[in-house]
Enquirer: 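Dropping the structure in here first, questions after.
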2 protein chains.
Amino acid sequence: MKTAGAKSERRIFEEHIAERGFRMTRQRALILDIFLKKEGHLSPEELYDLVKAKDPTVGRATVYRMLRLMREADLARKVDLGDGLSRYEHKYGHAHHDHLICLRCGKAIEVVDEEIEALQEKLARKHGYKLTAHEMDLFGLCPSCKKKERK
Amino acid sequence: MKTAGAKSERRIFEEHIAERGFRMTRQRALILDIFLKKEGHLSPEELYDLVKAKDPTVGRATVYRMLRLMREADLARKVDLGDGLSRYEHKYGHAHHDHLICLRCGKAIEVVDEEIEALQEKLARKHGYKLTAHEMDLFGLCPSCKKKERK
DNA sequence: GTAGTTGCAAAGGGTTTGCAGAGGG
DNA sequence: CCCTCTGCAAACCCTTTGCAACTAC
């Protein structure tokens, strides 16, 4: 199932670039595979390091260009975890989720609450907006940092 | 009432810097006044332009340094409206609020929903987190862009 | 007076771009 | 074969920093 999922994500990307006359290359396939396999929130530099480990000839610019392509193909999302870095997570095969971010250690977990989702829709409608997306980040102390706080 | 509000904000800032041995200067007072008077979401450059209009001798670096001070004094908040720029809004005298942002025209309005606020707390607690802040941005089409969409 | 503050300009960090050569379709 | 893609390095943008002169306290 995992492999099947990865394959279809790759197909989505291939279709996306074929549609606009772009090309599938060794570098793009490699970056795509690594990015999709990695759960969590990668900075461009972290992704570049992972790619370099597999193929040291790939350039940083290619990683940046690929991040843009993946965003356009709706496979990647840019998130701001408040650490000053830009970070990306992959969307495909992921249910939508929000973030619970520890201000002390920076750890971020993904959460979802259907009740909140519904209220967001309702709130937007109340103001005459048609909602297409949202981002919710909750900041606080994670359980282990909370414990340390006490001593 | 407006004036009284502005005065107390300034006092808060003065106390904040006095506490740590900093000083109140002509430039800081000017930037603070302009920033507090301006509702909405200013980029550092926009703030710098407004300041320059009143006093062309003020440098860009001073504006950046002041933005940091105001954040530390809890008078300013950094927000990401997805246009690639960093933006700041003032907090004091503002109730907490979230954003409803139009993806077409970029217009952002401020909203709040008590029910959502409560559920955010609950969600964090469920995961063992102690919540200290959050940011919620809803993206979609504003009423007027929605209308244009139809034709 | 003595720190903290300022404007300037240079440095810094992250991201984008111009280019000549490589390589997909 | 044509046109896109690549790696490199330089350019770029926004933000921070080093410094000598200045100024609040």
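Hydrogens, waters and symmetry mates play no part in the numbers below; they use all other heavy atoms, side chains included. Just so it is clear: chains get the letters A, B, ... in the order the sequence lines come, proteins before strands, and each one is counted from 1.
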Enquirer: Do we see a donor-acceptor contact under 3.5 Å between the side chains of A:H97 and A:E89?
Expert: yes
Enquirer: Quick one: the dot-bracket string of DNA chain C, using Watson-Crick and G-U wobble pairs with both distances under 3.5 Å, [ ] for crossing pairs and | for bases paired to another strand.
Expert: |||||||||||||||||||||||||
Enquirer: In terms of hydrophobic clustering (I, L, V, M, F, W, Y; side-chain heavy atoms under 4.5 Å; direct or indirect links), are B:I17 and B:V58 co-clustered?
Expert: yes
Enquirer: Could you list by number each residue of residues 60-75 of chain B showing a heavy-atom separation from DNA chain C of less than 4.0 Å, or answer none if no residue does?
Expert: B:A61, B:T62, B:R65
Enquirer: Are the side chains of B:D98 and B:H134 in contact, using a 4.5 Å heavy-atom criterion?
Expert: yes
Enquirer: Please identify the 5'-most and 3'-most nucleotides of DNA chain D with any atom under 4.0 angstrom from a heavy atom of chain A.
Expert: D:dC3 to D:dC8
Enquirer: Which residues pass the side-chain contact (heavy atoms from CB on, under 4.5 Å) test with A:E46, not counting sequence neighbours?
Expert: A:L42, A:S43, A:R87
Enquirer: According to a hydrophobic-cluster definition based on side-chain heavy atoms being under 4.5 Å apart (Ile, Leu, Val, Met, Phe, Trp, Tyr only), do B:I109 and B:L141 belong together?
Expert: no
Enquirer: Can you work out whether B:F22 or A:P56 has the more 5'-proximal nearest nucleotide on DNA chain D?
Expert: A:P56
Enquirer: Whether A:R11 and A:E15 form a salt bridge (side-chain N of Lys/Arg under 4.0 Å from carboxylate O of Asp/Glu) is what I want to check.
Expert: no
Enquirer: Which sits closer to the 5' end of DNA chain C, B:G59 or A:T25, going by the nucleotide each is nearest to?
Expert: B:G59
Enquirer: Using a 3.5 Å distance criterion without hydrogens, assess whether the side chain of A:K78 forms a donor-acceptor pair with backbone atoms of A:S86.
Expert: no
Enquirer: Taking the nucleotide of DNA chain C with the nearest heavy atom to each, does A:R23 or B:T57 sit closer to the 5' end?
Expert: B:T57
Enquirer: Scan for side chain to side chain donor-acceptor pair (under 3.5 Å) pairs involving residues 57-73 of chain B, sequence neighbours excluded, and state none if there are none.
Expert: B:E45-B:R60, B:D55-B:T57
Enquirer: Using a 4.5 Å cut-off on heavy atoms from C-beta on, say whether the side chain of A:R104 contacts that of A:K146.
Expert: no
Enquirer: Quiz question: by atom type and distance under 3.5 Å, do the side chains of B:H99 and A:E135 form a donor-acceptor pair?
Expert: no
Enquirer: Apply side-chain contact (heavy atoms from CB on, under 4.5 Å) to the pair B:L67 and B:L69, showing each step before the final yes or no.
Expert: CA-CA 5 Å; B:L67 279 169; B:L69 277 181; over 6 Å; no
Enquirer: Going by distance alone, is a donor N or O of one side chain under 3.5 Å from an acceptor N or O of the other, for B:H90 and B:E9?
Expert: no
Enquirer: Need two values: the first and the last nucleotide of DNA chain C, 5' to 3', having an atom under 4.0 Å from any heavy-atom of chain A.
Expert: C:dG14 to C:dG25
Enquirer: With side chains defined as the heavy atoms from C-beta onward, is the minimum distance between B:L131 and A:L100 less than 4.5 Å?
Expert: yes
